[in-house]
Protein chains: 2
Amino acid sequence: MASIKDVAAEAGVSVATVSRVLNEHPSVSADARARVLAAVEVLGYRPNAVARSLRTDQTHTLGLVISDVMNPYFTELARSVEEEARALGYSVIIGNADERPDLQDHHVRNLLDRRIDGLLVSPTDGGSPLMLDAARAGTPMVFVDRWIPGVDVPVVRADGQSAIRDLVAHLHALGHRRLAIIAGPAATTTGRERVEVFRTALAAHGLELPDAYTGQGDFQAESGRRVTEGFLDLAEPPEVVFAADNLMALGALDAIRARGLRVPCDIALAAFDDIRWFVHTDPPITAIAQPTGELGRAAVRALIDRIEGRTPRSVTLPARLVVRRSCGEDPAENPVTNRSTS
Amino acid sequence: MASIKDVAAEAGVSVATVSRVLNEHPSVSADARARVLAAVEVLGYRPNAVARSLRTDQTHTLGLVISDVMNPYFTELARSVEEEARALGYSVIIGNADERPDLQDHHVRNLLDRRIDGLLVSPTDGGSPLMLDAARAGTPMVFVDRWIPGVDVPVVRADGQSAIRDLVAHLHALGHRRLAIIAGPAATTTGRERVEVFRTALAAHGLELPDAYTGQGDFQAESGRRVTEGFLDLAEPPEVVFAADNLMALGALDAIRARGLRVPCDIALAAFDDIRWFVHTDPPITAIAQPTGELGRAAVRALIDRIEGRTPRSVTLPARLVVRRSCGEDPAENPVTNRSTS
DNA sequence: GCAGTCGATGTAATCGATTCCACGAGGAGG
DNA sequence: CCTCCTCGTGGAATCGATTACATCGACTGC
C-alpha cells in the first residue's frame with residue numbers, strides 16, 4: 001500500500017508538502033497542490049490512520065460500551081450514537097458487555113489501549129475500578145442510560161418517573177391492586193431506580209409493594225421468565241407484572257404462555273422500553289417509551305464537547321407511557337392513551 | 001499516559017528489554033523480567049496499540065460491514081462475530097450500511113484507512129468498485145449472508161432452498177394456491193435468490209408466481225407495508241404473503257392490521273429469518289430460521305484463516321422451516337412442525 | 001538599493017512501539 | 001589457555017505520518 005513517501009516521489013516534492021496538501025495547509029503553491037493531488041490519484045493513496053493517530057495523539061474514534069447489543073433498546077441507541085458521531089466526523093467502536101462486568105472491563109481496556117478519544121458507557125455494574133481510574137485519569141467520558149453515582153462524569157438518560165406514575169395511575173384506574181415488578185440488577189441505576197419510582201407511585205395510591213412482588217431479574221429474557229414463574233406460583237399471584245425492560249417482558253410472556261394463561265384477562269403485563277414488536281404481540285403491550293435516538297445523539301454531543309474542550313452538560317429527557325391492551329380492555333378512558341404504531 | 005520509555009527508566013533497563021518482556025521473548029533474565037513487570041505495575045503501563053500496529057502492520061482488528069444493524073438477524077450475526085473474534089484474539093469494528101451503498105463505501109474506506117486485518121461484508125449492492133478493488137488488492141475478505149458474484153472471495157451463508165420448498169409444501173397442504181412474495185432488493189443475492197427459489201418451489205406444485213404477486217421491497221419494514229397494501233388492493237389478493245426478511249414481515253403485519261384483516265383467516269403470512277418475537281406475535285409467525293450464530297462464527301474462522309495464511313473455505317449451512325400458526329390452523333399435520341420457543 | 005516580510009518548500013525530529021545487529025560476559029571444549 | 005557459542009542486553013533503525021525550524025527567493029516600503 002502506497003505511503004506518503006511514494007506520493008512525494010511521484011509528485012516530485014517532499015513529504016512535508018504532501019502532508020500540507022492533505023491537511024489543507026494554506027501555504028502550498030497551486031502547482032505543487034495539483035501535482036500532489038494527481039500523484040494521490042495515480043497511486044490510489046490513502047493516508048494511514050494508524051500513523052496519523054500516533055503522531056497527532058487523536059484517533060477520531062469514540063468507544064461505546066453497551067450493556068447488551070441484543071436488546072433492541074441498546075441496538076437503537078448504538079445506531080443513533082454511530083449516526084451522530086459520523087455526522088460530527090468521528091467513528092465508533094462498539095463493545096458489547098452482555099451484562100457481564102468482566103466483559104465490560106475487557107472492552108474498556110481494549111478501547112483505552114486503542115487510544116480512543118472518548119468513551120460512552122452504559123455501566124453494567126456499580127463501579128469497575130478500571131472505569132473509575134480512567135475517569136479520574138481524565139479520559140473524556142459520558143454515561144448513557146445508566147450511570148455510576150459519585151463519579152464526576154456527565155450523564156445522559158431518560159427520566160421515567162412521570163411515565164411510571166402515569167402507568168400506575170392507568171393500572172389503578174383499571175382496577176388492578178396487586179402489582180408486581182421484575183427489577184433489573186441492583187448494581188445498575190436503572191435497575192434500582194425503576195423499582196423505587198414504582199414503589200413510590202404505588203404508595204401515592206395507597207398500595208404497597210411486598211417483597212414477594214419484587215422479583216430480581218438481570219435485564220435478560222430468561223430472568224423475566226424465571227421471576228414470572230415465581231409470581232404465578234404464589235398463593236395470591238399479582239394481577240399485573242411490570243417488567244423493567246423489554247427482554248424481561250418477553251421472558252414473562254413466555255412464562256405466562258407456558259402456563260396457558262392469557263394477557264390481560266388472567267394477568268396484565270407492562271414493560272419499560274417500547275419496541276416496534278410490542279404493537280404486534282398478542283396482545284399489544286403497554287410500555288414506557290424512551291426517546292432513544294435523542295439520548296444517543298445527546299450523549300455523543302456531550303462527549304465531543306468534552307473532547308474538544310467545551311464543557312459538557314448532563315441531559316435528562318422524559319420517557320412517556322404508551323398504552324396498549326396488555327393491562328386491560330378499555331384504554332380509551334385514559335387521557336395519555338397512545339395506540340399509534342411507531 | 002506512561003510509555004515504554006518510562007517503564008524502561010523505572011526498571012533501569014532499555015526499551016528493547018521492556019519490549020522483550022512484554023512480548024514474551026525467551027532471552028530475558030529472570031531479574032530483568034521481574035523489574036520490568038514491577039515497573040509496569042507501578043506505572044499502570046499499557047502498551048499503545050496504535051504504535052504497536054504501526055510497527056507490526058497488524059491491528060488484530062476485523063471490520064464488519066453489515067447491511068442493517070436494526071435488523072435482529074444482523075444484530076445476532078454481529079454479536080456472534082464479535083464473540084468468535086474475541087475468542088481468537090481479535091476485536092471487531094462494526095459499520096452499519098443501513099442498506100445504502102454510499103454508507104457501505106464510507107465504512108469500507110474508513111476500515112481500510114484504519115488498516116484492519118480483514119473485512120467481513122454483507123454487501124448492500126451488487127458490486128461497489130471500492131470493495132472489488134480492495135479484494136483484488138489482496139485485503140483479506142469474506143462475504144457473509146450476501147455476496148457479490150464473480151469475485152474470488154469466500155462466502156459464508158445459509159441455504160434456504162430446502163426450507164423454502166418445505167414452506168411451499170406446507171402452504172400447499174393447507175390449501176393455499178395464490179402465493180405472493182415481498183422480495184428483497186434485486187441488487188443483493190439474497191434478494192434475488194429467495195424469489196427464484198420460491199418461484200421454482202411453486203412450479204413444482206404446478207403453481208405460478210405472477211408479476212402482480214411479486215412485490216419489490218428493500219428489506220425494511222416500510223417497504224413491506226407498502227407492498228402488502230398493493231397486494232391487498234388487487235382485485236384478487238393473494239392468500240399468502242411471504243416476506244423475504246423479518247422487517248418486511250413486520251411491515252406486512254402493520255398493513256394487514258391497518259385494514260382490520262386477520263392472520264391467518266383473511267390472509268396468511270410467513271417470513272424468512274426467524275426471531276424471538278415471532279413466537280409472541282398475533283398469531284405466532286411461521287418462519288425460516290437461519291443458523292445465525294454458526295454463520296457468524298464460521299465467517300470469522302474463514303477470515304482469520306485467510307489472514308493467518310491458511311486457505312479459507314466457503315461455508316453453506318442449511319436454514320430450516322419453523323411452522324407456527326400464521327399460515328393456517330393445523331400445523332400438527334406437518335412433519336417439520338416446530339413450535340418451540342427459542 | 002537594502003532591510004524586512006512573506007510565501008513555498010525541504011530537512012529532520014517526533015510519536016511509541018518492534019526488532020536487527022553488535023557487544024560483552026561466561027561457559028564449554030580442545 | 002585460547003577459541004567459539006550462547007545468552008542477555010542496549011543502541012539505533014524503522015513503521016508513516018505531522019510539524020517546528022531553516023532556507024531561499026521575491027516582493028514591499030523606505
Side-chain angles (χ1 to χ4, degrees), chain A residues 1-40 43-61 109-117 137, chain B residues 1-40 43-61 89 91 109-117 137:
Chain A
M1 183 146 268
S3 84
I4 196 171
K5 273 190 205 149
D6 304 318
V7 176
E10 172 81 19
V13 297
S14 74
V15 293
T17 301
V18 176
S19 179
R20 288 194 189 95
V21 171
L22 265 28
N23 293 286
E24 282 159 4
H25 185 98
S27 70
V28 179
S29 68
D31 176 54
R33 158 168 287 112
R35 293 220 309 286
V36 167
L37 259 20
V40 165
L43 298 173
Y45 169 75
R46 296 244 80 211
N48 183 327
V50 174
R52 192 193 290 243
S53 292
L54 176 61
R55 183 61 235 253
T56 62
D57 203 30
Q58 323 180 19
T59 49
H60 272 270
T61 303
R109 196 169 353 246
N110 182 10
L111 292 166
L112 257 23
D113 285 355
R114 296 175 120 73
R115 300 302 193 266
I116 45 136
D117 293 342
Chain B
M1 184 145 269
S3 83
I4 196 171
K5 273 189 205 148
D6 303 318
V7 176
E10 172 81 19
V13 297
S14 72
V15 294
T17 300
V18 176
S19 178
R20 288 193 190 96
V21 171
L22 265 28
N23 294 284
E24 283 159 4
H25 185 99
S27 71
V28 180
S29 69
D31 176 53
R33 157 169 286 112
R35 294 221 308 286
V36 168
L37 260 19
V40 164
L43 298 172
Y45 169 75
R46 297 245 79 212
N48 183 326
V50 174
R52 192 195 291 245
S53 293
L54 176 61
R55 183 59 234 251
T56 60
D57 203 30
Q58 315 181 25
T59 49
H60 272 272
T61 303
S91 306
R109 196 168 353 247
N110 183 10
L111 292 166
L112 256 23
D113 285 355
R114 285 166 188 277
R115 301 303 192 266
I116 45 136
D117 292 342

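In the text below, chain A, chain B and the rest are named by the order of the sequence lines, each starting its count at 1. Values below: every heavy atom of this structure, side chains too, minus hydrogens, waters and symmetry copies.
Contact check for B/Val36 versus B/Val28: no side-chain heavy atoms found under the 4.5 Å cut-off.
Rounding to the nearest 0.5 Å places CG of A/Asn110 at 11.5 Å from NE2 of B/His60.
For B/His25 and C/dA17, the NE2 to P distance is 18 Å, given to the nearest whole Å. We find that CG of A/Leu54 is positioned 13 Å from C1' of C/dT18, with the value rounded to whole Å. The separation between A/Leu43 atom CG and D/dG16 atom P is 14 Å, rounded to whole Å. Look at CG on A/Asp6: it is 11 Å from P on D/dC15, rounded to the nearest Å. For A/Ile4 and D/dC15, the CD1 to P distance is 14 Å, given to the nearest whole Å. Rounded to whole angstrom, the span from the OH atom of B/Tyr45 across to the C1' atom of C/dA17 amounts to 7 Å. A/Lys5 places its NZ atom 13 Å from the P atom of D/dA13, with the value rounded to the nearest Å. When rounded to the nearest whole Å, the span between CE of A/Met1 and P of D/dA17 equals 10 Å.
Residue B/Ser3 is classed as a sugar-phosphate contact, given heavy-atom separations below 4.0 Å to backbone atoms only. Looking at heavy-atom distances under 4.0 Å, B/Val13 makes contact with sugar-phosphate atoms alone, never a base. At the heavy-atom level, A/Val50 lies nowhere under 4.0 Å from the strands shown. When heavy atoms are screened at a 4.0 angstrom cut-off, B/Ala32 is found touching the sugar-phosphate backbone but no base atom. Within the nucleic acid shown, B/Asp57 has no heavy atom closer than 4.0 Å to any nucleic acid atom.
Look at A/Ser19 and you'll find a side-chain N or O under 4.0 angstrom from OP1 or OP2 of D/dT18. For A/Ser53, no side-chain nitrogen or oxygen approaches OP1 or OP2 of D/dA17 to under 4.0 Å.
Residues forming a side chain to side chain contact (heavy atoms under 4.5 Å, CB included) with B/Asp6 (at least two apart in sequence, or on another chain): B/Ala2, B/Ser3, B/Leu43. Contacts of B/Ser53 classified as side-chain hydrogen bond (donor to acceptor under 3.5 Å, both in side chains), with partners at least two apart in sequence or in another chain: none. Listed by chain and residue number, B/Asp113 satisfy the salt bridge (Lys or Arg N to Asp or Glu O under 4.0 Å) test with A/Arg46 (two or more places apart in sequence, or in another chain).
Summary of helix geometry: the two end axes of the helix from C/dG1-D/dC30 to C/dG30-D/dC1, each defined by five base pairs via their C1' atoms, are inclined to each other by 50° (rounded to 10°).
B/Ser14 and B/Ala8 get closest at one heavy-atom pair: C-CB, 3.7 Å.
Around the CG atom of B/Asp57, the shell of radius 6.0 Å holds no more than 12 heavy atoms that belong to other residues, nucleotides or ligands.
Positionally, the nearest nucleotide of DNA chain D for B/Asp31 lies more toward the 5' end than for the other of B/Thr56 and B/Asp31.
Here the side chain of B/Asn48 is nearest to one of D/dT18, C/dG16, C/dT9, namely C/dG16. Of the listed nucleotides (D/dG8, C/dT9, D/dA17), C/dT9 has the atom at the smallest distance from the side chain of A/Ser29. Closest to the side chain of A/Ser27, from the set C/dG7, C/dT18, D/dT9, is C/dG7.
Annotation: salt bridge (charged side-chain N to carboxylate O under 4.0 Å, His left out) contacts involving residues 21-36 of chain A, sequence neighbours excluded, comprise A/Asp31-A/Arg35.
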For nucleotides 11-13 of chain C, give me every protein contact, N/O to N/O, under 3.5 Å, one pair per line with atom names.
none

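The backbone N or O of A/Val15 lies less than 3.5 Å from no partner atom in the side chain of A/Ser19, so there is not a single donor-acceptor pair. Judged purely by atom type and a 3.5 angstrom limit, A/Asn48 uses its side chain to pair as donor or acceptor with the backbone of A/Val50.
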